[in-house]
Structure formats: C-alpha cells, structure tokens
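Only one structure is covered here, and it is reproduced in the block below.
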Amino acid sequence: MAFDYDKWIRPGKLPHIWCPGCGHGIVMKGLIRAMDTLNLKKEETAVVSGIGCASRLPGYIDCCTLHTAHGRAAAFATGVKMAKPEMNVILVGGDGDGTAIGGNHFIHACRRNINMTYIIMNNYIYGMTGGQFSPCTPTGHKASTTPYGNPDPGFDIAKLAIGAGATFVARGTAFHANQIDKLIAEAIQHKGFSVVEILDDCPTTYGRRNKYKSVIEMMNRLKDVAVPVKAAEKMTAEQLQGKVLTGVLYKDDTKPEYTAEYAKVIERAQAAK
Amino acid sequence: MEKKLPKIEIIEKYCKGCHICVEFCPKDVLEMKGFYASVKNLEACISCMQCELRCPDFAIKVTNE
C-alpha cells in the first residue's frame, strides 16, 4: 500500500528544489516514514537545519521547523531542546554544513550527549554553492576548487561522532532506502545524541566532475561500497578495503543525558537559596 | 482467479526524469516516455514498492486494491 507522505508535507511545496536523481528526497521520505512509525506529534517535533541543499529539507516538512545560519543547526537545536526538553529535536544537514562550517557545534553537541538526532546527508561536496570540495571529499577526487584532485584526506563522520562522544551512531545510504527509516527511527528513540550519516549522491556538482556517467552509476557505487556491520565481521581487512560499514555502528546507553543533568543543576541551584 | 493488478500513479508534475525508478525496477515495469517515467508493463508488477521507495521526487504511488 502506498505510504501517505502528503500528511507530513506542507501543501503546495512540492516539487522540491533538488536536482534530478539527488538522494536528499529519498532521505526526506525515510525521515517522514520514521516520524510516522513513531507516531510523533507535529507540534512536539522540531526539524532544524543550517544552510545547504540538504538543509532545505525542513521547508517541506509540516511540523515545527527552523532554518538557521550556516553550520549552526546544532547550536539553535540545543536552544530549542533546552527550552523545551519534551520536544523531539531532529537536525538535518549536509556534510559541509555539519563538519566544516558547523564542525565545532557538531563535536560539542556530541560531547554534551543532548537528546537530539542529527541526520547528515553526506554527498562529498558543497552542492548548493557550486561544487567546492568539503571535508568529506575523498582524496584525489575533483571539485570546482580542486580541479587537479583533492589533496586532503576525507573525514569519517561516524568515527568523528563516536570520538566526540555521541552515544548512537549509524550509517546508511540513499540506495538502501528501506533501511533509512529504520535507522532514523532507532536514532530518534535513543536517549542521547544520535548521529545518522546517510551516504548520498550529488550528480550535478560531484558526479559529472568525477566521471560518473549517470545517477544510476552513482547509486550503484553506493550499493557496491556499503557493507552491513554483521557481514563485515566475517570479512578480512583486505576484503573491506574501500568499503563503508552500514547499520548501527555504535550504541551506548550508560552516558548521562544533558537535559536531565541540567534539570538536576536547576534543582540544586533552587535548593541552595 | 484473475490477478488483481496494482495501480501505479506517476505524478508528472513532480517527476524530474532521473531514471531511478526505471533502472531499479526488478520486473522492468517502467520506462521513460519522453521526459517522464511511465508504465510499460503493468502485468509484470509484483508491488515490491521499490519505485515508490526510491523515487526522490515523491512522484510515484503504488496502490493495491
């Protein structure tokens, strides 16, 4: 049976601005399905974003939304969550917005372990501003600002999040559309800062510079590089060369959550009067 | 008993012609007709919903009566 996406989409907002074949639409569908399965209330759900292609997503979703300054989604979302801890706060953004301009906010949100979910759509490039290389562009790949190949090594967002202290880290791809909503639903249910990295495709500014002939070729690449965590356990290091693990990569339920800890601070301060 | 066919609705207003639905349909049900996707062989459809799931543009709806 067809899923009714319309109840979560602002009337008259479609078609969206994303290019033909861009995976952001697939991720948005996954997010909508996840919110619907969890029966989230529109007035108790806030979707917050920064700037970029991926950050246009909240404009289409019919719930509380916030489109903020470049890279500052985590900062604004922290404000929302601290003022209203009962809200489900979901952050969306791209790899440039999340790990370059907003890199500092991102690691500190991870460190605080505040109960929010960050969905990072990693398309390896700054799509909206004209295809400049981002911290996630793989070494040697071309962007408008690295026409002879990118000399920098790319970030591994999942490892960065785990290292910074996030307590739930998962990874999916735009090709594995069925898995996206399950990962996002699990992340929203997790009490603590959860990061879901979705590997995405940008046919317009990344694909055509890096000799991908079509959207289908980019999608097939995502299919080829993704290895589920369980399957990877049985594989050798050699077989895993060039592959990317998908699924729930890290989960820790023991770390205290920030809004709960802050409530205790308020209690202590009021008792001290 | 006659097989009940699903209904595949393609919203041309939303379709951007990215070919994803056509390429990833396991039963080769869809084709590109000009700029938009269209149904070529509805008989073969097994309602796996892959096209609906993968369409980035909310342009396909598959319904079973």
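Only a predicted model underlies this, so the values are computations on that prediction, with no experimental measurement involved. Order of the sequence lines fixes the chain letters, A, B, ..., with proteins taken first and strands second; residue numbering starts at 1 for each chain.
Annotation: ring-ring contact (aromatic ring centres under 6.0 Å, His included) contacts involving residues 4-37 of chain B, sequence neighbours excluded, comprise A:Phe175-B:Phe24.
By the neighbour-count criterion of 12 heavy atoms within 6.0 Å, atom NZ of A:Lys142 is sparsely surrounded, having that number or fewer from other residues, nucleotides or ligands. By the 6.0 Å contact criterion, NZ on B:Lys27 is open, its count of non-hydrogen atoms from other residues, nucleotides or ligands being 12 or less.
Near-neighbour residues of residues 209-231 of chain A relative to chain B, defined by a heavy atom under 4.5 Å from a heavy atom of that chain, comprise A:Val215, A:Ile216, A:Met219, A:Asn220. Among the residues in residues 2-32 of chain A, those with a non-hydrogen atom closer than 4.5 angstrom to a non-hydrogen atom of chain B are A:Ala2, A:Phe3, A:Tyr5, A:Asp6, A:Ile9, A:Leu14, A:Pro15, A:His16, A:Ile17, A:Trp18, A:Cys19, A:Pro20, A:Gly21, A:Cys22, A:Gly25, A:Ile26, A:Met28, A:Lys29, A:Ile32. Within residues 41-68 of chain A, no residue has any heavy atom less than 4.5 Å from a heavy atom of chain B.
Residue with the most contacts toward chain A among B:Cys18, B:Pro56, B:Ala59, B:Cys15: B:Pro56 (heavy-atom pairs, distance under 4.5 Å). Annotation: maximal heavy-atom pairing with chain A below 4.5 Å, among B:Pro6, B:Ser47, B:Cys55, occurs at B:Cys55.
No side-chain heavy atom of A:Asn178 sits less than 4.5 Å from a side-chain heavy atom of B:Arg54.
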